[in-house]
Amino acid sequence: RTEQNAVPSKLATYFNIPYDSMSLTHTGGNLMQDGRGTAFSDDLVIQENNNNEARVRSLMKTYTGTDNYVITIDPQGDYIAHIDCWGKIVAPDKIIVAKLPKTNARYQYYEKVANELANTKCIYGHNYRGYRIEERGGSTVAPYTNSLIANGHVYMPLGSNASYNERALNVYKEALPGYDVVGLQGFSSSNQNAFLNTDALHCRTHEVPDQNMVFIDSRDVNYGNVPLKDRYVVKTNVISYANNEMSEVNIHYSINDSEYITYPMNQYEETTNYTFAFNNLKSGDDVKYYIEATDANNNYNVDPTCGKLDPHHFVIE
């Protein structure tokens with residue numbers, strides 16, 4: 001596919017950014033990334049590279065910064081073996097996996113993959129939060145995980161069953177509160193370009209980089225039930241891709257469902273690292289928080305993905 005392979009170099013020229021390539025056979029439909037160094041594929045990527053798993057992992061780490069490469073089986077059992085046909089990473093801590101009826105011959109494989117991914121640690125240190133989208137299986141068109149997420153929108157390909165479509169849209173709304181979730185119907189007079197179970201929006205589109213992005217990279221996250229201690233430190237790394245100065249890096253927090261309080265985070269010397277400490281919390285306290293950052297040119301971002309609508313959350317034991 002020489003024309004497809006030429007796209008990255010053309011985009012690099014257009015955006016005036018460096019271009020490099022790695023000698024790895026890989027397909028975009030078989031790669032999901034969380035933006036924090038974790039990536040997911042099924043084992044097609046190993047098969048396509050002479051079954052040399054060590055080389056695949058080494059190249060992905062060197063060229064894409066993938067520290068944790070989760071490679072699983074293909075539960076779909078179809079010719080294409082792409083992860084976007086059955087799974088979707090929607091946030092650094094959230095995964096959607098398709099779900100088939102128990103009577104379907106592939107049911108057990110989908111459940112195996114869903115359980116495996118749900119027991120994988122996300123970058124925040126806890127297990128991924130799993131969501132399931134029901135599909136009828138068989139010849140019914142239901143390419144729900146083959147979606148495009150960009151700029152606060154989810155574009156979900158619609159299938160051939162209206163009730164399943166509605167339930168699938170609601171799963172995305174639950175996983176990404178505050179996002180505008182839109183269902184799109186494939187269309188063509190000959191039907192050749194209508195959506196298929198193996199070919200939909202993620203297959204036909206791709207994001208382009210935002211060179212002005214403010215990136216909030218939180219790693220030390222307080223989550224779930226935590227033991228009582230004197231202080232709870234929040235650490236984050238805030239980077240302006242455009243090398244702008246940061247005008248604000250704030251933490252917003254609520255204790256026991258009180259009104260949110262906004263407080264500036266402390267910058268560590270002249271670095272991109274910021275911290276905040278919760279002090280004097282007591283047993284039973286229920287704490288929710290999220291981080292917002294804005295640079296001098298009003299480029300803005302929030303962590304976690306849905307901010308106040310789905311914040312980081314921990315409870316003192």
Side-chain angles (χ1 to χ4, degrees), residues 17-18 33-39 60-70 89-94 120-129 152 178 207 209-255 260-281 285-316:
I17 57 179
Q33 294 173 298
D34 71 347
R36 307 294 193 280
T38 298
M60 286 293 291
K61 181 174 177 61
T62 300
Y63 284 86
T64 71
T66 299
D67 298 310
N68 180 29
Y69 198 4
V70 181
I89 312 304
V90 297
D93 60 340
K94 299 176 181 179
T120 298
K121 295 289 185 185
C122 73
I123 198 62
Y124 297 143
H126 56 79
N127 288 348
Y128 277 89
R129 297 160 63 183
E207 311 86 351
D210 177 4
Q211 296 185 72
N212 296 312
M213 177 182 177
V214 172
F215 179 46
I216 305 176
D217 188 8
S218 297
R219 302 291 176 104
D220 295 310
V221 169
N222 297 285
Y223 178 85
N225 294 326
V226 300
L228 179 65
K229 56 184 181 180
D230 291 337
R231 64 203 308 259
Y232 300 85
V233 178
V234 176
K235 299 178 183 179
T236 194
N237 189 20
V238 181
I239 301 169
S240 165
Y241 283 9
N243 294 318
N244 295 324
E245 294 290 329
M246 301 308 302
S247 60
E248 289 185 325
V249 178
N250 295 325
I251 186 170
H252 306 264
Y253 66 89
S254 167
I255 301 175
Y260 271 86
I261 297 172
T262 300
Y263 202 90
M265 298 187 73
N266 298 312
Q267 184 178 11
Y268 181 73
E269 297 179 347
E270 298 299 318
T271 70
T272 58
N273 297 314
Y274 291 79
T275 63
F276 174 83
F278 290 102
N279 299 301
N280 303 316
L281 295 178
D285 279 346
D286 187 304
V287 183
K288 299 173 183 174
Y289 72 94
Y290 64 98
I291 297 166
E292 286 184 313
T294 306
D295 71 8
N297 287 343
N298 291 320
N299 298 299
Y300 159 91
N301 210 343
V302 62
D303 177 81
T305 301
C306 299
K308 185 177 181 179
L309 296 177
D310 192 12
H312 296 302
H313 183 199
F314 67 101
V315 178
I316 312 299

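Bear in mind that the values here come from a model prediction, so they are computed numbers and not experimental data. Side chains are part of it too, since the values below use all heavy atoms of this structure and drop only hydrogens, waters and symmetry mates.
The side-chain heavy atoms of N222 and V287, taken from C-beta on, include no pair separated by under 4.5 Å. You'll find the side chain of L281 reaches within 4.5 Å of the side chain of F314, heavy atoms only. Annotation: side chain of F278 is not in contact with side chain of I316 (no heavy-atom distance under 4.5 Å). In this structure the side chain of I291 reaches within 4.5 angstrom of the side chain of V234, judged on heavy atoms.
Of all heavy-atom pairs spanning R219 and I123, the tightest one is CD-CG1, 3.2 Å. Closest heavy-atom contact between F215 and N301: CA-ND2, 4.5 Å. Heavy-atom minimum distance, A296 versus N244: N-CB, 4.5 Å. Heavy-atom minimum distance, N299 versus V214: O-CG2, 3.4 Å. Among all heavy-atom pairs drawn from G307 and V302, the shortest one is CA-CG2, 3.6 Å.
With sequence neighbours left out, Y260 forms a ring-ring contact (aromatic ring centres under 6.0 Å, His included) with Y290. H126 is linked by a ring-ring contact (aromatic ring centres under 6.0 Å, His included) to Y223, counting only residues two or more places apart in sequence or in another chain. Take N280 and apply the side-chain contact (heavy atoms from CB on, under 4.5 Å) test, not counting sequence neighbours, and it matches no residue. Judged as a salt bridge (charged side-chain N to carboxylate O under 4.0 Å, His left out), and not counting sequence neighbours, the contacts of D285 are K282. With sequence neighbours excluded, no residue forms a ring-ring contact (aromatic ring centres under 6.0 Å, His included) with Y274. For D310, the side chain to side chain donor-acceptor pair (under 3.5 Å) partners at least two apart in sequence or on another chain are K94, R129. With sequence neighbours left out, N250 forms a side chain to side chain donor-acceptor pair (under 3.5 Å) with no residue at all. Residues satisfying the side chain to side chain donor-acceptor pair (under 3.5 Å) criterion with E292, sequence neighbours excluded, are H252, Y300. Checked against side chain to side chain donor-acceptor pair (under 3.5 Å), D67 has the following partners two or more places apart in sequence or in another chain: K61. For the ring-ring contact (aromatic ring centres under 6.0 Å, His included) test, residues two or more places apart in sequence or in another chain that qualify with Y263 are F276.
In this structure, N127 CG and C122 SG are separated by 8.0 Å, a value rounded to the nearest 0.5 Å. For the atom pair D93 CG and K121 NZ, the distance stands at 13.0 Å (nearest 0.5 Å). Taking CG of N273 as the reference point, atom CG of N266 lies at 12.0 Å (rounded to 0.5 Å). Between the CG atom in N68 and the OG1 atom in T120 there is a gap of 7.5 Å [rounded to 0.5 Å]. Note that OH of Y241 is 11.5 Å distant from CD1 of I17, once rounded to the nearest 0.5 Å. Taking CG of D286 as the start and CD1 of I255 as the end, the distance is 10.0 Å to the nearest 0.5 Å.
Within the structure, salt bridge (charged side-chain N to carboxylate O under 4.0 Å, His left out) pairs that include any residue of residues 293-304 comprise R36-D303 (at least two apart or interchain). Applying the salt bridge (charged side-chain N to carboxylate O under 4.0 Å, His left out) definition to pairs two or more places apart or across chains, none involves residues 221-246.
Aromatic ring pairs are classed by plane angle as parallel below 30°, tilted from 30° to 60° and perpendicular above 60°; the pair H312 and Y124 is perpendicular.
Defined by atom type and a distance below 3.5 Å, a donor-acceptor pair is present between the side-chain atoms of T272 and N237.
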Practice item. May I have the step-by-step check of side chain to side chain contact (heavy atoms under 4.5 Å, CB included) for Q33 and T66, ending in yes or no? Key: CA-CA 9 Å; Q33 294 173 298; T66 299; 4.0 Å; yes

Exercise for review: Before giving the answer on side chain to side chain contact (heavy atoms under 4.5 Å, CB included), spell out for Y128 and T38 the whole-Å C-alpha distance, their side-chain angles and the decisive distance to 0.1 Å.
Suggested key: CA-CA 12 Å; Y128 277 89; T38 298; 3.6 Å; yes

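Formation of a donor-acceptor pair under 3.5 Å by the S247 side chain with backbone atoms of T294 is found in this model.
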